[in-house]
Structures are given as C-alpha cells and as structure tokens.
Amino acid sequence: MLSYLLACHFRSEDINKYELLLNESIQKYPNYVYNYTDLGEFYLKMGKRELGKNLIREGLSHVKLIYKNDAINDYDDDPLDIFQFVNERITGVFMMEDTYNSLNELLQK
C-alpha cells in the first residue's frame, strides 16, 4: 500500500519514479485496482495503448463492489470506517459507478 501512496506523491514530480512505484505496488498487491488503472492510464498517455488497456482491464477485474450513482444514499457511509476508506480511496476495490464506467470508456478508445 505504501508503494502506491508514494507513487501518488511522485505523479507530478518524477514520472520514472511514479512508474517504478506503481509497478512495485502491482507486484506487492496484485489484487488492488488503482495501481493497475493508474499505471494503465499513464501508459495510454505515453502512447502504449495495448499495455495501458491491459492494465486497466486487469485492475477492473479486481473491483468487488460498485456503488450505483442513483442509490448512493442507500449505502452505509461511515466516515470513520478505515476499511471502507482504504477500499474506496486507496485499493479501489470499492468504487463509484461513474469511475468504473469512465475507466471502461478508456478501453473503447
């Protein structure tokens, strides 16, 4: 998890370090989502379309829960629940429908 958080820090500072840390995060935490999707988006921007799409596809395969946009008030949102926070904001295994759909749209381009 730490390597992913460090990668987020280096996103605008050092793209080589960003890429290295995301790859490290994937090796350490192969069941997370955002490490794959962030690296996939990075590769898409660098022109490595197939590699980028494959990483996004792999990341999306690890999503365990998609919050429906029109039913957001139906979910138990406890701002002090550390597990929910980590699953939504860091690992990405819980995500909003809009986020999931926007990542899927990248695969269609």
Shortest non-hydrogen separation from S25 to Y4 and the atoms involved: OG-CB, 3.5 Å
Mind checking whether [X] and [Y] have side chains closer than 4.5 Å, heavy atoms only?
{"X": "I90", "Y": "F85", "answer": "yes"}
{"X": "K53", "Y": "L44", "answer": "yes"}
{"X": "E88", "Y": "M96", "answer": "no"}
{"X": "E97", "Y": "Y100", "answer": "no"}
{"X": "L39", "Y": "N35", "answer": "no"}
{"X": "L103", "Y": "E41", "answer": "yes"}
{"X": "S3", "Y": "Y29", "answer": "yes"}

Could you state the interatomic distance from [atom1] ([X]) to [atom2] ([Y]), rounded to the nearest 0.5 Å?
{"X": "N31", "Y": "K64", "atom1": "CG", "atom2": "NZ", "answer": "6.5 Å"}
{"X": "I66", "Y": "M95", "atom1": "CD1", "atom2": "CE", "answer": "7.5 Å"}
{"X": "I56", "Y": "E105", "atom1": "CD1", "atom2": "CD", "answer": "11.5 Å"}
{"X": "E58", "Y": "I26", "atom1": "CD", "atom2": "CD1", "answer": "8.5 Å"}
{"X": "L60", "Y": "L55", "atom1": "CG", "atom2": "CG", "answer": "11.0 Å"}
{"X": "R89", "Y": "L5", "atom1": "CZ", "atom2": "CG", "answer": "13.5 Å"}

Residues Y43 and N54: side-chain donor-acceptor under 3.5 angstrom: no
Check whether [X] reaches the backbone of [Y] with its side chain - one donor and one acceptor, N or O, closer than 3.5 Å.
{"X": "D38", "Y": "L22", "value": "no"}
{"X": "N87", "Y": "F83", "value": "yes"}
{"X": "H62", "Y": "Y34", "value": "no"}

Parallel, tilted or perpendicular: rings of Y18 and F42 (30°, 60°): perpendicular
Parallel, tilted or perpendicular: rings of F94 and Y67 (30°, 60°): perpendicular
Residue R11 excluded, over 12 heavy atoms near CZ under 6.0 Å: yes
Hydrophobic cluster membership, L51 vs V33, 4.5 Å side-chain cutoff: yes
In one Ile/Leu/Val/Met/Phe/Trp/Tyr side-chain cluster, 4.5 Å: L65, V86: yes
